[in-house]
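One structure is given here, and the rest of the page talks about it.
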Amino acid sequence: MDYKKQVAESIVTALDGQLELQVAYDKIEIPKASNLGDFAFPTFVLAKTLHKAPQMIAQELVESIDQDVYEKVEAAGPYVNFFLDKSAFSQEVLQAVLNQADHYGDATVGQNGKVPIDMSSPNIAKPISMGHLRSTVIGNSLANLLAKTGYQPVKINHLGDWGTQFGKLIEAYKLWGSEEEVKADPINKLLEYYVRFHKEDKAHPELDDEARKWFKKLEDGDEEATKLWQWFRSVSLQSFKHIYDKLGITFDSYKGEAFYNDKMDEVVQILEDHNLLKESQGAEIVDLDKYNLNPALIKKTDGATLYITRDLAAAIYRKRTYDFVQSLYVVGAEQINHFKQLKAVLKEMGFDWSDDVHHIPFGLITLNGKKLSTRSGRVVLLDKVLDDAIDLAKQQIQSKNPDLKNADEVAHEVGVGAVIFHDLKNERMNSFDFDLSEVVRFEGETGPYVQYTRARAESILRKANKQVATDDVVLADPNAWETLKYLQAFPETILRAVNEYEPSVIAKYALHLAKSFNQYYANSKVLVEDDQLNARLALVQSVSSVLKNALALLGVKAPSEM
RNA sequence: GGACCAGUAGCUCAGCUGGAUAGAGCAUCCGCCUUCUAAGCGGAGGGUCGUGAGUUCGAAUCUCACCUGGUUCACCA
């Protein structure tokens with residue numbers, strides 16, 4: 001039931017139609033203090049037309065409103081405050097959550113439309129850092145949210161598996177590498193070669209020439225170069241998958257940059273057909289002046305294509321393959337300009353679906369205030385952070401709950417959960433400086449806090465050891481009121497999160513629900529044999545269910561004991 | 001210089017399409033485990049909402065200017 005609409009109708013009826021329903025609806029707000037009711041209507045809008053003081057309007061309105069469906073309606077200064085009927089509300093909410101269980105909050109707005117999500121996208125032969133975590137977990141959560149609301153997300157790991165750096169890598173490997181070394185520790189060794197190359201090429205510029213030759217060979221399909229490239233790619237992918245397993249994240253496609261090598265000519269052809277290519281300083285560009293953007297550089301002076309050409313090919317390929325309703329790119333905010341260009345060029349090419357292409361940017365993670373950079377060695381390895389978090393979670397379990405049976409599994413879920421939650425709890429666009437002690441914190445506004453809340457709820461249910469009946473769930477207890485209202489708000493919260501592409505909306509919601517339930521838990525005893533027992537258990541089970549599902553939307557597990 | 005993002009308590013951040021005394025967490029100090037897991041709950045202190053104008057009955061929220069920090073601005077991705 002839409003309670004806000006009910007309130008709006010009450011107001012309009014009382015005013016005898018002197019106010020549009022939509023206007024009333026839009027003006028209704030949720031008071032910040034609970035003693036001011038559940039909904040409030042400020043009467044300022046009526047002051048002019050009624051030629052009365054808002055305070056007086058509020059008082060008169062209260063008298064003419066049919067109060068039967070509410071607990072009470074009262075005037076407070078210029079506001080009319082509505083208090084909902086707790087019995088009816090609690091029954092409706094608890095029944096909805098219990099009956100729909102994991103499907104509570106499901107929506108159909110997506111109408112099965114496909115939504116490819118470009119996410120994670122690490123570079124071959126480089127380690128996955130905290131920077132990649134953001135794209136990975138935001139993309140994953142958006143996929144969950146989209147699926148929950150009726151879309152069909154397609155998680156695409158657009159691997160950085162092509163480019164001139166492979167020429168450098170091959171040259172470096174030929175000079176200093178060995179097969180045994182790489183086999184033993186692929187990513188670290190490959191990274192080591194790459195970093196060494198960048199150190200030595202300053203003194204020996206001829207190395208760059210060799211690297212260029214190797215990349216040319218690779219492009220021409222030279223056997224040795226291709227074999228090395230494939231090898232680098234596959235060992236890298238193996239170590240990436242190890243990390244994705246830890247995070248509990250899977251992909252639907254691993255088509256990376258190299259996949260589009262043979263699809264660039266067509267892009268250039270379409271651009272030519274539309275007369276979009278212009279020569280400038282020896283390079284081929286698309287002028288984007290009318291979009292107030294810099295020109296998009298399609299071909300370098302030497303005729304080689306660039307990043308944007310590849311992304312154009314990928315965008316077109318995805319449209320053809322998935323016939324998407326939206327196409328998302330979860331990529332850092334530093335590429336905002338690039339995606340503006342991409343959309344503009346697609347539009348110029350005559351693709352009206354360019355409006356369905358959305359860049360989902362996110363803020364930078366820095367280390368001591370500086371940008372992470374693989375080349376300069378300023379990296380925070382994700383694998384290490386996850387392991388540290390798991391270790392700390394294990395220590396925590398040993399001191400708080402030493403008898404826990406599946407301690408290792410729980411430590412994994414809590415440690416990884418803390419890291420993921422930390423990344424998702426703030427707005428995407430916020431940048432943050434990496435601080436391990438902050439990332440693996442288990443107290444306060446954290447993932448483990450939410451997990452712990454749910455574990456305690458589960459514990460109560462285990463102790464109760466009985467099936468919760470769905471027909472006797474009226475709970476008018478004021479202590480439970482906040483929690484009931486949060487439970488009711490889950491579906492609309494999901495829709496807001498999807499509309500804004502903002503997983504943090506869900507994270508915040510989970511924290512609020514957990515907090516309100518912890519307050520209830522501290523002040524009310526659930527397991528007491530009286531006529532309200534079933535209703536209280538219904539609340540506990542509902543909270544557990546919604547917390548689990550909210551965490552699931554973030555990609556965080558919810559252990560039932562910890 | 002152009003474009004974009006950010007500037008709210010000591011620190012990290014909420015604050016929905018403008019509305020009633022600006023809220024959390026962390027940190028500090030003080031309470032609460034013979035009651036369902038204290039990874040919890042309660043309380044205290046702490047804020048010129050970057051600055052200045054404007055719109056409005058009403059601005060942390062909208063507009064403009066400015067200040068500060070960050071990102072980015074054609075042959076990397």
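Per chain, numbering begins at 1; letters A, B, ... match sequence-line order.
- Distances were taken from every side-chain heavy atom of A:Lys463 (C-beta onward) to each of B:rU72, B:rC36, B:rA38; the shortest belongs to B:rC36.
- A:Leu293 comes within 4.0 angstrom of nothing in the nucleic acid, heavy atoms only.
- Note: A:His338 and A:Tyr307 have parallel aromatic rings, judged against thresholds of 30 and 60 degrees for the angle between ring planes.
- Within the nucleic acid shown, A:Ala455 comes within 4.0 Å of at least one base atom, counting heavy atoms only.
- A:Glu482 places its CD atom 14 Å from the P atom of B:rG23, with the value rounded to the nearest Å.
- Within a 6.0 Å sphere centred on NZ of A:Lys425, other residues, nucleotides and ligands contribute more than 12 heavy atoms.
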### Query
Can you give one letter per nucleotide of nucleotides 4-17 of chain B, going 5' to 3': B for a protein heavy atom under 4.0 Å from the base, S for sugar-phosphate only, - for none?
SS-------SSS-B
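- Taking the P atom of each, B:rA65 and B:rG2 are spaced 11 Å apart, rounded to whole Å.
- Looking at heavy atoms from C-beta onward, A:Pro448 lies out of side-chain contact with A:Arg441 at the 4.5 angstrom threshold.
- No side-chain heavy atom of A:Val331 sits less than 4.5 Å from a side-chain heavy atom of A:Ser135.
- Taking only side-chain atoms of A:Glu334, from C-beta outward, the nucleotide of B:rU72, B:rC75, B:rC41 with the closest atom is B:rU72.
- Closest heavy-atom contact between A:Thr136 and A:Ser120: OG1-OG, 2.7 Å.
- Nearest heavy atom pair, residue A:Asn123 against residue A:Phe240, reads O-CZ, 3.4 Å.
- For A:Phe166 and A:Phe215, the ring centers are positioned 6.0 Å apart or more.
- Across B:rA77, B:rG42, B:rC36, the shortest atom-to-atom separation from the side chain of A:Gln519 is found for B:rG42.
- A:Lys515 has its NZ atom 13 Å from the C1' atom of B:rC26, to the nearest Å.
- Base orientation for B:rC33: syn, the chi torsion being within 90° of 0.
- What separates CD1 of A:Ile460 from P of B:rU35 is a distance of 14 Å, to the nearest Å.
- Using a 4.0 Å heavy-atom criterion, one finds that A:Ser280 contacts the bases of the nucleic acid, with or without backbone contacts as well.
- Across all strands, A:Ser399 comes closer than 4.0 Å to no nucleic acid atom at all (heavy-atom distances).
- The side chain of A:Thr301 contributes no N or O atom lying less than 4.0 Å from OP1 or OP2 of B:rC75.
- Among the nucleotides B:rC41, B:rG25, B:rC73, the one closest to any side-chain atom of A:Asn518 is B:rC41.
- Listed for the A:Arg428 side chain is a donor-acceptor partner under 3.5 Å among the backbone atoms of A:Pro361.
- Of the two residues contacting RNA chain B, namely A:Lys32 and A:Lys525, the nearest-nucleotide position lying further toward the 5' end is that of A:Lys32.
- Closest to the A:Lys300 side chain, of the nucleotides B:rC75, B:rA39, B:rC36, is B:rC75.
- Out of B:rC57, B:rA20, B:rU37, the shortest distance to the side chain of A:Ala40 is found at B:rA20.
- As judged by a 4.0 angstrom heavy-atom cut-off over every strand, A:Pro78 is placed among residues making no nucleic acid contact.
- Separation of the A:Phe442 and A:Tyr449 ring centroids does not fall under the 6.0 Å cut-off.
- Set against B:rC36, B:rU37, B:rA20, the side chain of A:Leu36 has B:rA20 as its closest nucleotide.
- Residue contacts for A:Tyr449: at a heavy-atom cut-off of 4.0 Å it reaches the sugar-phosphate backbone alone, with no base atom in range.
- When each of B:rU21, B:rC75, B:rU37 is scored by its nearest atom to the side-chain atoms of A:Gln281, the top-ranked nucleotide is B:rC75.
- Under a 4.0 Å N-O distance rule, the pair A:Glu348/A:Lys290 qualifies as a salt bridge.
- Checked by atom type and distance alone, the side chain of A:Asp38 never pairs as donor or acceptor with a backbone atom of A:Phe83 at under 3.5 Å.
- Atom C1' of B:rA59 sits at a distance of 15 Å from the matching atom of B:rC64, rounded to the whole Å.
- Taking atom P on both B:rU55 and B:rC11, the two are 34 Å apart, rounded to the nearest angstrom.
- Ring centers of A:Tyr317 and A:Tyr260: under 6.0 Å apart, within the cut-off.
- Between the side chain of A:Gln451 and the backbone N or O of A:Lys557, at least one donor-acceptor pair lies under 3.5 Å.
- Within the structure, a side-chain polar atom (N or O) of A:Arg456 is placed less than 4.0 Å from OP1 or OP2 of B:rA38.
- Contacts of A:Ile285 with the nucleic acid, taken as non-hydrogen atoms under 4.0 Å apart, include base atoms.
- Checked against the 6.0 Å centroid threshold, A:His512 and A:Tyr486 count as a close aromatic pair.
- Separating the CG atom of A:Leu169 from the C1' atom of B:rA77 is a distance of 16 Å, rounded to the nearest angstrom.
- Listed candidates were B:rA20, B:rU21, B:rC73. Nearest to the side chain of A:Ala33 is B:rU21.
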### Summary
RNA chain B in dot-bracket form (Watson-Crick or G-U pairs under 3.5 Å, [ ] crossing, | inter-strand) is (((((((..((((.....[...)))).(((((.......))))).....(((((..]....))))))))))))....
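- When heavy atoms are screened at a 4.0 angstrom cut-off, A:Asn81 is found touching base atoms of the nucleic acid.
- Looking at heavy-atom distances under 4.0 Å, A:Gln451 makes no contact with the nucleic acid at all.
- Distance CG (A:Leu306) to C1' (B:rA77): 10 Å, rounded to an integer number of Å.
- At whole-Å resolution of the value, NE2 in A:His158 and C1' in B:rA77 are 9 Å apart.
- Whole-Å rounding puts the A:Asp433 CG to B:rG69 C1' distance at 13 Å.
- Taking every side-chain heavy atom of A:Ala76 into account, B:rA20 is the closest of B:rA20, B:rA74, B:rA39.
- Checked by distance alone, A:Thr164 brings no side-chain donor or acceptor within 3.5 Å of a matching partner on the base of B:rC76.
- To the nearest whole angstrom, the two P atoms, one in B:rU12 and one in B:rG7, are 12 Å apart.
- Nucleic acid contact class of A:Val414 (heavy atoms, under 4.0 Å, all strands): base.
- Residue whose closest nucleotide on RNA chain B sits further toward the 5' end, between A:Phe442 and A:Lys299: A:Phe442.
- Computed from coordinates, the A:His338 NE2 to B:rA3 C1' distance equals 17 Å when rounded to whole Å.
- Taking side-chain N and O atoms only, A:Lys48 has no distance below 4.0 Å to OP1 or OP2 of B:rG58.
- In this structure, A:Tyr452 reaches the B:rA39 phosphate: one of its side-chain N or O atoms is under 4.0 Å from OP1 or OP2.
- Contacts of A:Arg441 with the nucleic acid, taken as non-hydrogen atoms under 4.0 Å apart, involve only primed sugar atoms and P, OP1 or OP2.
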